[in-house]
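Notes to accompany the following structure.
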Amino acid sequence: VEESDARRLALATGRSWSVYRRRRATNHAIRSPEWLKLPEADALATLCLLGAWHGEKAVDRAIVEQLTGESCEAVERKLRKLSRVDDAPVIAVGKVWRAKAPLELLDLFADRITAAELDRFFEIVEALLVEPDPILEVEPDKRWMAQVYGKVREESGLLFQSVLDALVKLAVRGRDYEGLATLDVDVRVERLVDRLLKDADATRWLSLASHLSPLAEAAPGAFLSAVEASLGRPDTPVLRLFGESVSADTPLGGGAWYYTDLLWALESLAWSPRWMPQIASLLARMSHVQLPDNWSNRPLNSLLGIFRSWMPQTAAALDQRIAVLDKLISSEPDIAFQLLDSLFHRGPDMASPASNPDWRDDDAGAAGRPSEAEVHGMRVAAADRMIGMAAGNAHRIACLLDKLTLLDAARADQVMDMAAAFTGQDAGDLDRELIRNELREKLHWHLSYGKNHPQTSLRPGEIVRWRELYE
């Protein structure tokens, strides 16, 4: 089984072999567990939607009662009996209740969920998500002590995350079930995300900063449109996620990086060829934000991950990736050149896997290493576009001079011709000096160490021309 499929399968089955057996069985008797016949099984519809909650949290209990119309005690009494049966569908750990295999419950109970229950569920979700996070009332450098100040959400984080996970499952799998399909559940999820983020201010973005990945996976179109609209506003509220992020100043003072889940959300959506071009454009625009040099998690690195020749974090084909590069060159030339410079690198390279979707299968089959021809094709495309963008720009020519030994003779001559254009009297002193310094450094290295590194050293004819240009 491909790695991404295995991960989703483990999540869907709750890592249970008995659940896996039921989901793969062709015999209807095996696919229908015995506990489904118990009268208490109707409480599983609640667990199917909420996913999990904490019994000691008053707000969690109130939400269970709002969804079911019953007391939380009555619901938990039913679940307690179900937790004691063989191959139980529910897990009770202390006061925490959660479904063992949420997707199996959706398979079994999707057509039993009524329109009224779904209405109440969406009311609950929207009420949770529009509420500002109390932690924002604390000074940024003291937010790591928010719990001491009592500035935390009243509902449990377990319930909050489980409800968002349920949104994703309903959006991705809703059309697979006749009952949910007739209720347009996927459209309702899309509209909910649109209402939440379309005109969101900085407070809304910061309040949902840790939950943007599930919202993006639930409704990719609405999410990306909201990010793009926010970047187009004069106050660019989504960029407050970068501005509010801080490093830890002391060993006890934890940092807060509000923008990380935004990048992970975009990375997980970029696996889809449908969304990749728009995501590349958004990441390029965000790359203008100035971040501390020691922060490696930055938009440009996420953008590089999508296009990296030997490990592209997208299912888009090589031709599509190159076409998107050309669009970036037109819209964001400075960022595009930095990206090309990293793509056409010298020496060893390293990378970390990008974020993956939990329930969508956009990354299925894309984990394998690309062919040598594909790797070479991306590097050649990057080199040609760097050369095309470098004419008349001393800084870009200097970058290419550093990579000259990676180019074939024809491309290397193009770069040298562009460098020679700065030997004239009309060239600026700073530009001429920039290229001269690059020539001096490389000449020194090749004359001193080139004999020991024949694969990366200049050819004799090139050394002569470098001397002439330098002098």
Side-chain angles (χ1 to χ4, degrees), residues 1-11 213 216-217 220 259-284 286-287 291 294-329 332 335-386 399 402-403 406-407 455-456:
V1 180
E2 205 272 328
E3 182 181 354
S4 61
D5 292 331
R7 187 183 62 255
R8 272 185 290 275
L9 189 59
L11 185 63
S213 286
E217 190 174 351
Y259 68 89
T260 51
D261 204 49
L262 172 62
L263 297 186
W264 293 340
L266 295 175
E267 288 174 4
S268 66
L269 295 183
W271 288 100
S272 169
R274 176 184 178 185
W275 305 115
M276 188 273 285
Q278 186 177 3
I279 291 165
S281 175
L282 293 174
L283 287 171
M286 292 179 189
S287 296
L291 296 174
N294 62 342
W295 290 11
S296 60
N297 196 9
R298 55 183 63 231
L300 188 58
N301 286 345
S302 297
L303 185 62
L304 173 60
I306 297 173
F307 293 95
R308 184 174 277 109
S309 60
W310 56 274
M311 196 175 81
Q313 301 294 279
T314 180
L318 175 63
D319 290 345
Q320 184 180 1
R321 280 180 273 145
I322 292 175
V324 173
L325 276 177
D326 290 333
K327 291 181 180 178
L328 291 180
I329 290 171
E332 298 285 348
I335 298 300
F337 191 84
Q338 292 181 55
L339 174 61
L340 294 170
D341 189 34
S342 298
L343 289 174
F344 188 59
H345 64 88
R346 63 183 308 125
D349 192 14
M350 61 175 292
S352 299
S355 180
N356 299 80
D358 286 332
W359 296 107
R360 295 185 184 272
D361 57 1
D362 297 332
D363 59 339
R369 187 180 178 90
S371 66
E372 289 298 324
E374 187 175 337
V375 173
H376 180 70
M378 176 54 79
R379 286 177 61 83
V380 169
D384 287 342
R385 282 151 182 78
M386 284 186 74
C399 288
D402 183 52
K403 306 171 189 289
L406 302 177
L407 299 171
Q455 293 182 338
T456 58

So do [Y] and [X] actually touch side chain to side chain, heavy atoms under 4.5 Å?
X: M386; Y: K403; result: yes
X: L325; Y: L343; result: yes
X: M286; Y: L303; result: no
X: P312; Y: P370; result: yes
X: L263; Y: P299; result: yes
X: Q320; Y: P277; result: yes
X: R298; Y: N301; result: yes
X: L266; Y: W275; result: no

Between T260 and N297, is there a side-chain donor-acceptor contact under 3.5 Å, judged purely by atom types and distance?
no
Evaluation steps, side chain to side chain contact (heavy atoms under 4.5 Å, CB included), between N356 and S268:
CA-CA 5 Å; N356 299 80; S268 66; 5.8 Å; no
Please determine if R274 and D362 form a salt bridge, counting it only when a charged side-chain N lies under 4.0 Å from a carboxylate O.
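Here R274 does not pair with D362 in a salt bridge, since their nearest N and O are not under 4.0 Å apart.
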Between R308 and R321, what is the shortest heavy-atom contact and its length?
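Residues R308 and R321, closest heavy atoms: O-NH1, 4.5 Å.
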Go through the steps for E332 and L339 under the test side chain to side chain contact (heavy atoms under 4.5 Å, CB included), then give the verdict.
CA-CA 10 Å; E332 298 285 348; L339 174 61; over 6 Å; no
Under the side chain to side chain contact (heavy atoms under 4.5 Å, CB included) rule, what do E267 and I306 come out as? Steps first, then yes or no, please.
CA-CA 8 Å; E267 288 174 4; I306 297 173; over 6 Å; no
